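No experiment lies behind these values; they were computed from the predicted model shown. Quick note: residue numbers are just sequence positions, from 1.
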Amino acid sequence: MKAKTHPVPFGAAVGILGGGQLARMLILAAYELGLEPWVLCPHETDPAARVTANWIPGDPGRAADVAK
């Protein structure tokens, strides 16, 4: 029987565009899976930015900000 492998390596970074409630829930789930979530959103007080130290200030709708 073949051993199951995790499709994403432990500690892999995951980028999330937007900082709302859904992004917050995604970040919390990413931590449980051993992933490193990063979020791009305008304000450090956005729900998702409040649960990760990996916050990048910017507008997810601007290509230049996403390219960062």
Open item on the list: Is there a continuous path of hydrophobic side-chain contacts, each under 4.5 Å between heavy atoms, that joins I16 to V51?
Closed with: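 In one cluster: yes.
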Open item on the list: I'd like to know if L28 and L26 are part of one continuous hydrophobic network [Ile/Leu/Val/Met/Phe/Trp/Tyr, side-chain heavy atoms within less than 4.5 Å].
Closed with: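 L26 and L28: one cluster.
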Quick one: closest heavy-atom pair of [X] and [Y], and the distance?
X: A48; Y: V39; result: CB-CG2, 3.9 Å
X: G34; Y: F10; result: CA-CE1, 3.3 Å
X: A23; Y: G18; result: CB-O, 3.3 Å
X: P47; Y: G19; result: CD-O, 3.1 Å
X: I27; Y: P37; result: CG2-CG, 3.7 Å

- [ ] Compare all side-chain heavy atoms of V66 with those of L17 and state whether any distance is below 4.5 angstrom.
- [x]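 V66 reaches L17 side chain to side chain.
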Task: Residue pairs fulfilling salt bridge (Lys or Arg N to Asp or Glu O under 4.0 Å) with at least one residue in residues 42-64, sequence neighbours excluded - done: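 Residue pairs passing salt bridge (Lys or Arg N to Asp or Glu O under 4.0 Å), neighbours aside: R62-D65.
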Open item on the list: I need the full list of side chain to side chain donor-acceptor pair (under 3.5 Å) pairs touching residues 24-39, with sequence neighbours left out, sorted by first then second residue.
Closed with: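 Listed once each, the pairs are Y31-T52, E36-W38.
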